[in-house]
Number of protein chains: 2
Amino acid sequence: MTMTRKKMPAKMRRSVTIEAVLDIAARQNPRDITTAAIAQHMNVTQGALFRHFDNKESLWQAVMEWIEVNLFKRVDQAANEAPTPMAALQAVYMAHIDFVRTHPGVPRIMFGELQRSENTKAKRQAGGVLKKYGARVTTLIDAAREKGEIDPAVDTASARILFIGSIQALVIQSLLVAKDIENITEKAAGVYDIYRRGIEVKR
Amino acid sequence: MTMTRKKMPAKMRRSVTIEAVLDIAARQNPRDITTAAIAQHMNVTQGALFRHFDNKESLWQAVMEWIEVNLFKRVDQAANEAPTPMAALQAVYMAHIDFVRTHPGVPRIMFGELQRSENTKAKRQAGGVLKKYGARVTTLIDAAREKGEIDPAVDTASARILFIGSIQALVIQSLLVAKDIENITEKAAGVYDIYRRGIEVKR
DNA sequence: TTAGATAGTAATTGATTACTATCTTTGGAA
DNA sequence: TTCCAAAGATAGTAATCAATTACTATCTAA
């Protein structure tokens with residue numbers, strides 16, 4: 001039984017709040033998550049949240065930071081452990097899919113932020129994460145190309161865009177069929193297979 | 001010069017309203033569009049909207065209907081004019097991209113609806129459009145497979161998922177770099193090229 | 001010509017939301 | 001054990017939004 005103490009040190013409360021947001025975002029449109037809903041989810045009154053965050057926007061910034069740190073932790077580890085660039089690319093893909101499976105709210109939050117019209121810091125952070133991610137992918141693609149693993153005819157930018165799209169494809173599928181998020185890993189293999197065939201040098 | 005009459009027949013006003021929503025959605029998060037903003041955009045007071053729609057939800061339903069009708073009009077025509085299933089697949093892809101380019105609000109509306117937690121009719125409509133679209137793609141893939149244009153090793157479901165994802169990939173890219181929506185057609189060709197390489201039979 | 005129908009206006013309402021001011025409790029250091 | 005700063009509770013406020021209402025302008029058909 002997890003002991004949910006009534007009072008918590010500020011640092012712990014902040015991370016619990018971020019987890020609450022991620023948790024709720026798995027089932028609800030991130031933009032519709034109210035401070036009241038977050039507070040209720042963690043057994044605290046709504047006003048208490050503002051002891052730890054200046055405002056809602058700064059809470060979203062904290063969430064985006066969490067995403068950036070934890071996504072790249074997983075993804076970079078996967079890339080580093082792979083023997084070849086091509087293997088790294090696939091490892092990154094599967095690590096990302098697994099990250100999304102365990103944190104279904106993350107892609108919804110990312111996409112929701114990118115949709116926003118207001119140029120908030122959280123939105124810029126989301127864009128920054130995606131660009132940084134794209135740079136990682138580009139590096140791997142270029143390395144694989146030099147090793148002769150990728151067909152020279154393949155455009156790097158297109159390959160990068162489709163890589164991200166192939167992840168997003170599975171996310172959309174899981175939005176359509178709710179419980180597909182659990183089976184996302186199996187589907188991912190099939191989808192990545194097509195992607196790999198699309199970029200690799202013909203044998 | 002478009003004559004914006006003060007009084008309009010109800011039918012015209014309804015379609016003008018839908019256009020206004022599509023227009024605003026190109027620049028703003030669909031869920032954040034207020035009835036006041038819609039009304040202002042079409043030079044009418046906020047209350048006037050409710051002369052033509054029971055409520056905001058029914059306006060969204062009308063928008064979804066517009067999307068369904070107009071998307072499939074373009075897509076089906078493209079498919080029918082193509083000589084082979086494989087050519088049809090590419091034609092559908094390019095038609096879809098062109099539809100998105102001329103109506104940038106559409107993908108935002110679609111995925112905004114799919115993100116919603118409330119099981120509204122508009123959300124079900126969005127899911128219906130995507131499923132119907134997927135069925136079209138599946139039919140073409142199966143036909144291409146029978147003609148020996150697609151590698152038998154390729155999983156149909158995966159190919160369908162990635163097809164939709166490859167479109168979504170370009171949409172995300174345009175969210176990231178705002179004015180990329182204009183160049184989406186050029187990028188589309190490169191992305192589709194990889195997709196085609198991924199599914200077609202090796203020569 | 002005029003009466004009914006249709007479309008639009010202006011003002012208001014109740015609900016919801018992020019945020020805040022003030023009071024209360026708790027837990028750990030001295 | 002005592003004390004006090006940090007964490008939370010309580011009870012608000014101002015702003016925003018969809019929706020409604022009473023009223024007016026305009027079109028159309030008999």
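Note that these values count all heavy atoms, side chains included, but never hydrogens, waters or copies made by symmetry. So that the names make sense, note that chain A is the first sequence line, chain B the second, and so on, each numbered from 1.
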*Would you find more than 12 non-hydrogen atoms of other residues, nucleotides or ligands less than 6.0 Å from A/Q40 atom CD?*
no
*Going by atom types alone, do A/Q61 and A/E65 pair a side-chain donor with an acceptor below 3.5 Å?*
no
*Going by heavy atoms in the side chains, are A/Y192 and A/I97 under 4.5 Å from each other?*
no
*Going through the checks in order, is the salt bridge (charged side-chain N to carboxylate O under 4.0 Å, His left out) test met by B/D32 and A/R116?*
CA-CA 9 Å; B/D32 292 344; A/R116 297 180 69 169; 5.8 Å; no
*Nearest-Å distance, CZ (B/F50) to P (C/dT13)?*
17 Å
*Got a salt bridge between A/R145 and A/D151, using NZ or NE/NH1/NH2 to carboxylate O under 4.0 Å?*
no
*Taking side chain as C-beta onward, heavy atoms only, is B/W60 less than 4.5 Å from B/K123?*
no
*Go through D/dG8, D/dT20, C/dG8 for me and flag the one nearest to the B/Q46 side chain.*
D/dT20
*How many Å lie between CE on A/M8 and P on D/dG8, as a whole number?*
8 Å
*asked:* With heavy-atom distances below 4.5 Å as the criterion, would you say the side chains of B/E68 and B/K132 are in contact?
replied: yes
*For DNA chain C, find the residues of residues 110-125 of chain B with a heavy-atom distance under 4.0 Å and give them by number; none if there aren't any.*
none
*Given C/dG8, is OP1 or OP2 found less than 4.0 Å from the side-chain N or O atoms of B/R13?*
yes
*Verify the neighbour count for atom CD of A/E118: are there more than 12 heavy atoms of other residues, nucleotides or ligands below 6.0 Å?*
yes
*In residues 51-67 of chain A, which ones come under 4.0 Å of DNA chain C, going by heavy atoms?*
A/R51, A/N55, A/K56
*Note: B/K147-B/E149 ion pair, threshold 4.0 Å (strictly below)*: no
*Will you find, in the side chains of B/S117 and A/R27, an N or O donor that is under 3.5 Å from an N or O acceptor?*
no
_Close approaches to DNA chain D from residues 17-42 of chain A, in residue order (heavy atom, under 4.0 Å)_ = none
